[in-house]
**Student:** 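Just dropping this structure here.
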2 protein chains.
Amino acid sequence: MTIAVGAKPSFKEQMLQAREEAIVQTVNRLLAEKGFDAMTVDEVAASVGIAKASLYKHFPSKEDLAAAAMVRVMRSAREFLDTIAPALAPVDKLKAVVRWTLQVQLAGQMPSLPSQNSSLRAALTSSKEYVDQLLEISDTLGGWIEAAQAGGALNAKLPPIAVLYTLYARACDPVLEFLRGGGQHSDEEIVELVLSTCFDGLNAR
Amino acid sequence: MTIAVGAKPSFKEQMLQAREEAIVQTVNRLLAEKGFDAMTVDEVAASVGIAKASLYKHFPSKEDLAAAAMVRVMRSAREFLDTIAPALAPVDKLKAVVRWTLQVQLAGQMPSLPSQNSSLRAALTSSKEYVDQLLEISDTLGGWIEAAQAGGALNAKLPPIAVLYTLYARACDPVLEFLRGGGQHSDEEIVELVLSTCFDGLNAR
DNA sequence: GTCTATAAATAGATAGAC
DNA sequence: GTCTATCTATTTATAGAC
């Protein structure tokens with residue numbers, strides 16, 4: 001039995017992971033399209049092209065499916081943070097992150113979960129990788145927020161945690177959907193509009 | 001048969017309306033607590049204290065229940081608009097509306113509906129009173145927005161419709177729930193924080 | 001109109017053969 | 001692991017007596 005860390009995965013293991021990646025990708029799309037409640041496991045299985053029973057061999061519950069999708073998104077976000085130029089001003093780093101978030105949402109890749117569902121919360125918080133990624137992201141953003149406040153770029157009167165929550169909330173901002181439905185603006189314009197209202201506010205300057 | 005407009009309702013009619021008001025009030029609370037998908041009709045009936053079949057005599061479907069709750073909220077919002085002092089600056093009128101919205105949400109009185117559900121959308125758009133109230137509210141807010149932009153209070157570069165959507169989005173802002181969960185701020189502080197980030201933005205001024 | 005009882009449909013999850 | 005077929009529970013909605 002091979003337990004070496006980073007050992008070359010066998011062909012079988014590669015196939016398994018590829019299939020699971022396909023599953024999670026499908027779940028991610030469906031969660032973005034319809035949300036957790038409206039997404040059915042039958043639908044996931046049909047969309048992936050396997051039997052529902054097979055799906056349950058990979059993921060023990062619907063909640064675990066959603067958690068896997070969230071882990072995927074968090075990892076993706078975490079990786080994006082690493083691509084941000086360190087020389088950038090903290091506030092510009094934050095803007096870059098929010099812009100990335102908005103683009104993911106417009107691309108139909110941002111899973112939407114009900115924040116009240118307790119079994120779902122349990123699945124999320126019991127996922128070590130999810131919690132780890134979330135903590136790491138929050139730490140990084142928190143550092144940028146405090147730096148931006150110290151540097152006079154961000155309003156220093158706002159509690160950093162409130163700023164962080166406000167940025168996180170952009171990931172599920174319904175304004176994007178509203179504006180797109182209006183059909184008057186391109187995706188790029190929508191992103192910049194929301195970015196502007198988020199950082200500059202509605203008031204004139 | 002009495003069809004006179006504004007005719008004095010009979011005792012029976014008053015009882016009927018009182019019961020329906022009790023139903024809608026319960027639905028409103030449950031929609032605020034758990035959202036449309038998680039709310040069950042059984043639950044509504046049990047909470048009101050009547051049989052489910054009786055409930056269906058009043059409202060033909062779950063969607064109609066939710067629509068009735070939304071009509072109630074919209075009427076309430078519409079009535080609030082009338083209480084705003086006409087002498088107030090347009091931007092302050094807008095702030096008053098958003099503040100009211102945030103307070104309703106914190107009071108657990110703001111129903112939350114999935115924006116993607118099509119049967120629900122159909123029930124809403126087929127309700128004349130809902131559509132009428134929404135249009136009237138949007139007209140009023142739209143007028144204030146344009147006046148505030150013309151007066152130099154609101155950023156005139158933002159499309160009025162984007163401003164309107166941004167204000168509407170505060171009615172379901174998850175930041176309220178996040179901040180309350182943190183336990184570090186009172187409800188009043190939370191309201192003012194969100195108001196501040198909405199109108200003044202995150203950036204320093 | 002209110003009730004009890006039940007229909008009808010759906011969804012999450014499993015059994016068991018291969 | 002994948003499949004077909006099924007279970008179990010829940011949910012929306014109704015039938016029918018009173």
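A, B, ... follow the sequence lines: proteins, then strands. Residue 1 opens every chain. Small disclaimer: the values here were computed from a predicted structure and weren't measured. Just so you know, these numbers use all the heavy atoms, side chains as well, and skip hydrogens, waters and symmetry mates.
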**Student:** Only counting residues at least two apart or in another chain, list the ones meeting side-chain contact (heavy atoms from CB on, under 4.5 Å) with Q184(B).
**Tutor:** none
**Student:** Tell me every residue that passes side-chain hydrogen bond (donor to acceptor under 3.5 Å, both in side chains) with K157(A), counting only those two or more places apart in sequence or in another chain.
**Tutor:**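 By the side-chain hydrogen bond (donor to acceptor under 3.5 Å, both in side chains) rule, K157(A) matches no residue at all.
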**Student:** Tell me, which of residues 57-71 of chain B have any heavy atom that sits under 4.0 Å from an atom in DNA chain D?
**Tutor:**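 When residues 57-71 of chain B is checked for heavy atoms under 4.0 Å from DNA chain D, the hits, listed by number, are S61(B), K62(B).
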**Student:** State which residues pass salt bridge (charged side-chain N to carboxylate O under 4.0 Å, His left out) with E146(B); sequence neighbours excluded, sorted by chain then number.
**Tutor:**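 E146(B) satisfies salt bridge (charged side-chain N to carboxylate O under 4.0 Å, His left out) with no other residue.
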**Student:** Using the heavy-atom set of chain A and a strict 4.0 Å cut-off, write down the first and last nucleotide of DNA chain C that makes it in, 5' to 3'.
**Tutor:**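 From 5' to 3', the first and last contacting nucleotides are dA11(C) to dA15(C).
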**Student:** Sequence neighbours excluded, which residues qualify as side-chain contact (heavy atoms from CB on, under 4.5 Å) partners of V73(A)?
**Tutor:** N28(A), M110(A), P111(A)
**Student:** Under the ring pair (Phe, Tyr, Trp, His ring centres under 6.0 Å) rule, collect the residues that match up with Y165(A), sequence neighbours excluded.
**Tutor:** F178(B)
**Student:** Suppose we screen for salt bridge (charged side-chain N to carboxylate O under 4.0 Å, His left out). Which residues come up paired with D64(A), at least two apart in sequence or across chains?
**Tutor:** none
**Student:** Quick check on contacts: within residues 10-21 of chain A, what sits under 4.0 Å from DNA chain D by heavy-atom distance?
**Tutor:** L16(A), R19(A)
**Student:** Considering only residues two or more places apart or on different chains, which pairs with a residue in residues 83-105 of chain B satisfy side-chain hydrogen bond (donor to acceptor under 3.5 Å, both in side chains)?
**Tutor:**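 Applying side-chain hydrogen bond (donor to acceptor under 3.5 Å, both in side chains) to every pair that reaches into residues 83-105 of chain B, excluding sequence neighbours, yields R99(B)-E192(B).
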**Student:** Tell me every residue that passes salt bridge (charged side-chain N to carboxylate O under 4.0 Å, His left out) with R121(B), counting only those two or more places apart in sequence or in another chain.
**Tutor:**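 Residues passing salt bridge (charged side-chain N to carboxylate O under 4.0 Å, His left out) with R121(B): none at all.
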**Student:** Between A38(A) and A53(A), which has a closest nucleotide on DNA chain C that is more 5'?
**Tutor:**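 Here A38(A) is the residue nearer the 5' end.
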**Student:** Holding to side-chain contact (heavy atoms from CB on, under 4.5 Å), I want the full list of residues that pass it with R29(B), two or more places apart in sequence or in another chain.
**Tutor:** T26(B), E33(B), S47(B)
